[in-house]
Amino acid sequence: MKLKQLALAGALSLAASVPAAAEDFTGTLAKIAESGVITLGHRESSVPFAYLDENQQPIGYSIDLCMKIVEKVSETVGKELEVRYVPVNPKTRLALMANGTIDLECGSTTNKLSRQQQVEYLATTFVTGTKLMVRKGSGIASVADLEGKAVALAQGTTNELAVKAAIEELGLDVKVLPVRDHAEGMLSLETDRVDVYATDHILLYGLMSKSKTPEEFEVVGDFLSYDPYGLMVRRDDSAFELVGKAALAEVFRTGEIMEIYSKWFDPLGVPATPLLQASFALNALPE
């Protein structure tokens, strides 16, 4: 090899070994590369997706998946990252993502086309739908039994829309109690302020598992909505979105997703449905 060729090869090798600088990135990746910080939005009572443990630290299925993305982002920008957590709720999560407060939302958020006007979503991580939680012996088996009853609904959720639509369609007289989050909804049911708390069925099972008297409650009714969950990222930021997609595709492709799934859902007795397993397979994209 000639001297010039050797010099060029050495320069290329050196360039490949040098970590990328912040100016080599755009959007969220540039922000993270410059600051060395990635900010995760998390729910506080969405068991088992994202909630606070006994030390008030965020844990859960969505948190574990987000940490896989953090690892991929760290690898991409070439530096160890500080992870900061910001609590979000149904009313604040989209706004905090859209205005740049959080970089990645790790919760139990339904991917809806209308929401994609403000944010973007990564691959589907769970599929659920709206159901009702009641006290056993309440006589409530479906929305049709809610005449004269009170129901708690978390504001800004797909569940709120689904239940209100079903009530209106049936022409029922139902008192609606707006609540801030799932913890407040569960408390309103436990203290008999309402007869029903309605949200995604998997969250209802999670709330029951954390109740002091889980044997007193049951989940009833048909699914009132279709709710595919996805981790939220910023809209119009394809570079960061691609890193997130790549991280999840690897988890799906290697089968690690089932280990993570089992960790959080086996204690609830909720196996992965064929539909969810198909979603994992479809999003196990090749490199």
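- Two residues are said to be in side-chain contact when any heavy atoms from C-beta on lie closer than 4.5 Å; Lys164 and Leu153 meet this criterion.
- When the ring pair (Phe, Tyr, Trp, His ring centres under 6.0 Å) test is applied to Phe280, the partners found at least two apart in sequence or on another chain are Phe252.
- Residues forming a ring pair (Phe, Tyr, Trp, His ring centres under 6.0 Å) with His182 (at least two apart in sequence, or on another chain): none.
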Check against side-chain contact (heavy atoms from CB on, under 4.5 Å), Phe217 and Arg135: CA-CA 4 Å; Phe217 303 98; Arg135 285 192 178 276; 3.8 Å; yes
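- Applying the ring pair (Phe, Tyr, Trp, His ring centres under 6.0 Å) criterion to Tyr85, with sequence neighbours excluded, gives His42.
- Note: Ile38 CD1 to Leu29 CG = 8.5 Å, rounded to the nearest 0.5 Å.
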Evaluation steps, side-chain contact (heavy atoms from CB on, under 4.5 Å), between Phe25 and Val77: CA-CA 8 Å; Phe25 301 107; Val77 301; 4.2 Å; yes
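- With values rounded to the nearest 0.5 angstrom, Ser225 atom OG is found 9.5 Å from Leu161 atom CG.
- Asn111 and Gln116 are linked by a side-chain donor-acceptor pair at a separation below 3.5 angstrom, with hydrogens and angles left out of the test.
- Inter-residue side-chain proximity for Arg115 and Thr110 is flagged as met; some heavy-atom pair is nearer than 4.5 Å.
- Side-chain contact between Thr199 and Thr130 is absent, with no heavy-atom pair separated by less than 4.5 Å.
- The side-chain heavy atoms of Ser279 and Val127, taken from C-beta on, include no pair separated by under 4.5 Å.
- Between Met97 and Val119 the shortest heavy-atom distance is CG-CG1, 3.7 Å.
- Counting heavy atoms from C-beta outward, Leu146 and Leu170 have side chains that stay 4.5 Å or more apart.
- Using a cut-off of 4.0 Å between Lys/Arg side-chain N and Asp/Glu carboxylate O, Arg234 and Asp103 are scored as salt-bridged.
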Glu287/Arg253 under side-chain contact (heavy atoms from CB on, under 4.5 Å): CA gap, chis, key distance, verdict: CA-CA 10 Å; Glu287 293 181 343; Arg253 192 169 56 245; 3.4 Å; yes
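- In this structure a side-chain-to-backbone donor-acceptor pair under 3.5 Å is present from Thr191 to Leu187.
- We find that Lys149 and Glu147 are not joined by a salt bridge, their nearest charged nitrogen and carboxylate oxygen being 4.0 Å or further apart.
- Note that OG of Ser138 is 7.5 Å distant from CG of Asp195, once rounded to the nearest 0.5 Å.
- Nearest heavy-atom pair, Gly137 versus Glu218, reported as atom, atom and distance to 0.1 Å: N-OE2, 4.2 Å.
- In terms of modelled atom types and a separation under 3.5 Å, the side chain of Asp200 and the main chain of Ile202 share no donor-acceptor contact.
- Between Ala166 and Val143, the closest heavy-atom pair is CB-CG1, 3.9 Å.
- Around CZ of Arg193, the count of heavy atoms belonging to other residues, nucleotides or ligands within 6.0 Å does not exceed 12.
- Aromatic rings from Phe265 and Phe49 are positioned such that their centres are separated by under 6.0 Å.
- Nearest approach of Ala198 to Val163, heavy atoms of both residues: CB-CG2, 3.7 Å.
- Put simply, Val179 and Leu204 are part of the same group of oily side chains (I, L, V, M, F, W, Y) that touch within less than 4.5 Å, one to the next.
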Per-pair distances, 0.1 Å, donor-acceptor, side chain in residues 57-69, under 3.5 Å, sequence neighbours excluded:
unit_1, atom_1, unit_2, atom_2, d
Tyr61, OH, Thr125, O, 2.8
Ser62, OG, Gly107, O, 2.6
Asp64, OD2, Lys263, NZ, 3.0
Asp64, OD2, Trp264, NE1, 2.8
Lys68, NZ, Glu256, OE2, 2.7

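- Residues Met133 and Leu207 approach most closely at CE-CB, 4.3 Å, considering heavy atoms.
- Ser209 places a side-chain N or O within donor-acceptor distance of the main-chain N or O of Gly206, the cut-off being under 3.5 Å.
- A donor-acceptor pair is defined here as one N or O able to donate and one able to accept, closer than 3.5 Å; such a pair exists between the side chain of Ser188 and the backbone of Gly185.
- The shortest side-chain heavy-atom distance between Leu177 and Val151 does not fall under the 4.5 Å cut-off.
- Among all heavy-atom pairs drawn from Leu203 and Ser108, the shortest one is CD1-OG, 3.9 Å.
- One finds no salt bridge joining Arg43 and Asp181 here, because no Lys/Arg side-chain nitrogen approaches an Asp/Glu carboxylate oxygen to under 4.0 Å.
- Between atom CD of residue Glu184 and atom OH of residue Tyr197 there is a gap of 9.0 Å, rounded to the nearest 0.5 Å.
- Of the inter-residue distances, the one linking Leu231 atom CG with Leu248 atom CG reads 6.0 Å to the nearest 0.5 angstrom.
- More than 12 heavy atoms of other residues, nucleotides or ligands lie within 6.0 Å of CD in Gln56, so this atom counts as buried by the packing criterion.
- Defined by atom type and a distance below 3.5 Å, a donor-acceptor pair is missing between the side-chain atoms of Thr273 and Gln277.
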Derivation of the side-chain contact (heavy atoms from CB on, under 4.5 Å) call for Thr213 and Glu215: CA-CA 5 Å; Thr213 56; Glu215 70 283 353; 3.8 Å; yes
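- With hydrogens and angles left out, the side-chain atoms of Tyr261 and Asp266 include no donor and acceptor closer than 3.5 Å.
- Side-chain contact between Leu268 and Met208 is absent, with no heavy atoms from C-beta onward closer than 4.5 Å.
- Within the structure, every pair that satisfies the side-chain hydrogen bond (donor to acceptor under 3.5 Å, both in side chains) test and touches residues 238-251, not counting sequence neighbours, is listed here: Lys72-Glu250, Glu241-Lys245.
- Looking at Thr128 and Asp227, their side chains never bring a donor and an acceptor atom within 3.5 Å of each other.
- Hydrophobic clustering (ILVMFWY, side-chain heavy atoms < 4.5 Å, transitive): Leu81 and Val86 are in distinct clusters.
- Tyr51 and Leu189 end up in different hydrophobic clusters when Ile, Leu, Val, Met, Phe, Trp and Tyr side chains are linked at under 4.5 Å.
- Alongside Leu113, the hydrophobic cluster contains no other residue (criterion: ILVMFWY side chains under 4.5 Å).
- Taking hydrophobic clusters as Ile, Leu, Val, Met, Phe, Trp and Tyr residues chained together by side-chain heavy-atom distances below 4.5 Å, Phe240 does not share a cluster with Leu285.
- Atom CG of residue Asn283 and atom CG of residue Leu122 lie 10.0 Å apart, to the nearest 0.5 angstrom.
- You'll find the side chain of Phe126 reaches within 4.5 Å of the side chain of Leu276, heavy atoms only.
- Met232 and Val70 end up in different hydrophobic clusters when Ile, Leu, Val, Met, Phe, Trp and Tyr side chains are linked at under 4.5 Å.
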